[in-house]
Amino acid sequence: MQKCVIPALFSFCVLLTAPLTAQEVRSDTVIVTGSYEPIPLEESNRAVDVFDLTAQSRLLACSIADFLRLDPSVDVQARGPDLVQADLSIRGGNFGATLVMVNGMRVSDPQTGHFNLDIPIPLDAIGRMEVLKGSGSAIYGSDAVDGVVNIITRTPEATDFRLRTAVGNFGTNQQSGAVTLVERKFTEQLSFSRDFSTGFMDDRDYRNVSLASATHWRSRLGATDVLLAGDDRPYGANQFYGNFNSWERVKSWYAAARQEIG
């Protein structure tokens, strides 16, 4: 006789927001994934879904996979919690034919195309995601045969502080948050996320930590953006390589700079 035990996770969430400045901001949703130049979403002739990761919707998710799973044509295969060894495919394709980008720059592994959701950017630093369904090879190359996912960092609108935390069984301990400073021509956002668990059995523990810094300022030359991010994902691989305890560890970092001229 076998017994099946389904663990229950109890968590609580705290969101602290302290806006220090009030201003009217007009924003238009544009789509850059399915065309050479940014155009309004309603004018795009491609099948593109846009996920807006606003402050309200982020409360319902712990990772970008929670948003991507809302699209029935997107398949997220994660071999561990918090996107540990996670792959993404679109419309029944494979992970090697789906391109993942951050702010229009590819981040897929050029050697294997595997684990294409090892994104080092915390959820609080992401503003929206664009999912292009169907071939994007004419614009992005052969690794975009099935589609493209473009992750776009958010542009802060006001100085604030955000913090979210959760605890649960199996030693689950999660924290995430962001500190944002917005001045007249300068914005700086520091964000982080941490996800820790002792595991449901021996050698199944994990610890995921990610940090990001997004800087934006305007000068006479034009707008300047600098994005720095990195993460560390060690986790237990119980008897995966043999009859003994083993560990795996994935580290990644991302650095990008963009300068407008004129």
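Numbers for residues simply follow the sequence, beginning at 1.
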List the steps, then state whether side-chain contact (heavy atoms from CB on, under 4.5 Å) holds for I121 with I126. CA-CA 8 Å; I121 301 176; I126 299 175; 4.1 Å; yes
For S89 and T98, work out which heavy atoms get closest and say how close. CA-OG1, 3.6 Å
Which distance, rounded to the nearest 0.5 Å, do you find between the CG of D146 and the CZ of R91? 9.5 Å
Pair R249 + D232, salt bridge at N-O below 4.0 Å: yes
Side-chain donor/acceptor of Y254 to backbone N/O of V102, under 3.5 Å: yes
Is R233 salt-bridged to D231, going by a charged N under 4.0 Å from an acidic O? yes
Close side-chain approach of D118 and V250, heavy atoms under 4.5 Å: yes
Please determine whether side-chain contact (heavy atoms from CB on, under 4.5 Å) holds for the pair Q174 and T165, giving the CA-CA distance in whole Å, both sets of side-chain angles, and the decisive distance to 0.1 Å. CA-CA 5 Å; Q174 300 174 348; T165 184; 6.0 Å; no
Beyond-backbone contact of F51 with R128, side-chain heavy atoms, under 4.5 angstrom: no
Do V149 and M105 sit in the same hydrophobic cluster, where Ile, Leu, Val, Met, Phe, Trp and Tyr count as joined when their side-chain heavy atoms come under 4.5 Å apart? yes
Under 4.5 Å between side-chain heavy atoms, hopping through other hydrophobics if needed: is there a path connecting V145 to L132? no
Check: F186 main-chain N/O paired with R218 side-chain donor or acceptor under 3.5 Å: no
Indicate whether the side chain of S193 and that of N208 have a donor and an acceptor atom separated by less than 3.5 Å. no
When you measure from the side chain of D75 to the backbone N and O of L88, does any donor-acceptor pair fall under 3.5 Å? no
Give the other cluster members for W253, using side-chain heavy-atom distances under 4.5 Å between Ile, Leu, Val, Met, Phe, Trp and Tyr residues; answer none if it is isolated. none
Looking only at heavy atoms, which two atoms of N150 and G104 are closest? And how far apart? OD1-N, 3.0 Å
Side-chain H-bond candidate by donor/acceptor type, S213 with Q189, under 3.5 Å: no
Could you state the interatomic distance from CG (L228) to OG1 (T215), rounded to the nearest 0.5 Å? 7.0 Å
Hey, mind stepping through T180 and D160 against side chain to side chain donor-acceptor pair (under 3.5 Å) and telling me if it holds? CA-CA 5 Å; T180 304; D160 61 14; 3.3 Å; yes
Can you tell me how far CD of Q77 sits from CG of L117, rounded to the nearest 0.5 angstrom? 10.5 Å
Would you say T198's side chain and D205's backbone share a donor-acceptor pair under 3.5 angstrom? no
Without swapping roles, check the side chain of S176 against the backbone of F192 for a donor-acceptor pair under 3.5 Å. no
Single-linkage hydrophobic cluster, 4.5 Å side-chain cutoff, F196 and L123 together: no
Are any of the side-chain heavy atoms of I90 and V131 separated by less than 4.5 Å? yes
Are the side chains of L68 and M129 in touch, meaning some heavy atoms are under 4.5 Å apart? yes
Contact between T155 and E157 at the side-chain level, heavy atoms closer than 4.5 Å - yes or no? no
For the atom pair CZ (R154) and CG (D52), what is the distance rounded to the nearest 0.5 Å? 11.0 Å
For the residue pair I119 and I64, establish whether any side-chain heavy-atom pair is separated by less than 4.5 Å. yes
Measure the spacing between CG of N245 and CZ of R204 and express it to the nearest 0.5 Å. 10.5 Å
I need the minimum non-hydrogen distance between P120 and S210, along with the two atoms involved. O-CB, 3.7 Å
Any donor-acceptor pair under 3.5 Å linking the side-chain atoms of E248 with those of Y206? no
By side chain to side chain donor-acceptor pair (under 3.5 Å) - contacts of S73 (at least two apart): D71, K133
Test of understanding: clusters of I, L, V, M, F, W, Y form through side-chain heavy atoms closer than 4.5 Å, transitively. Do L190 and L227 belong to the same one? no
To the nearest 0.5 Å, what is the distance between CE on M101 and CG on N103? 9.5 Å
With distance as the sole criterion, is a donor-acceptor pair present between the side chains of N238 and D202 under 3.5 Å? no
Contact summary for L99 and A144, nearest pair of heavy atoms: CB-CB, 4.0 Å
Establish whether L221 and W217 are linked, either directly or via other cluster members, by ILVMFWY side-chain heavy-atom contacts under 4.5 Å. no
With R258, which residues qualify under salt bridge (charged side-chain N to carboxylate O under 4.0 Å, His left out), at least two apart? D225
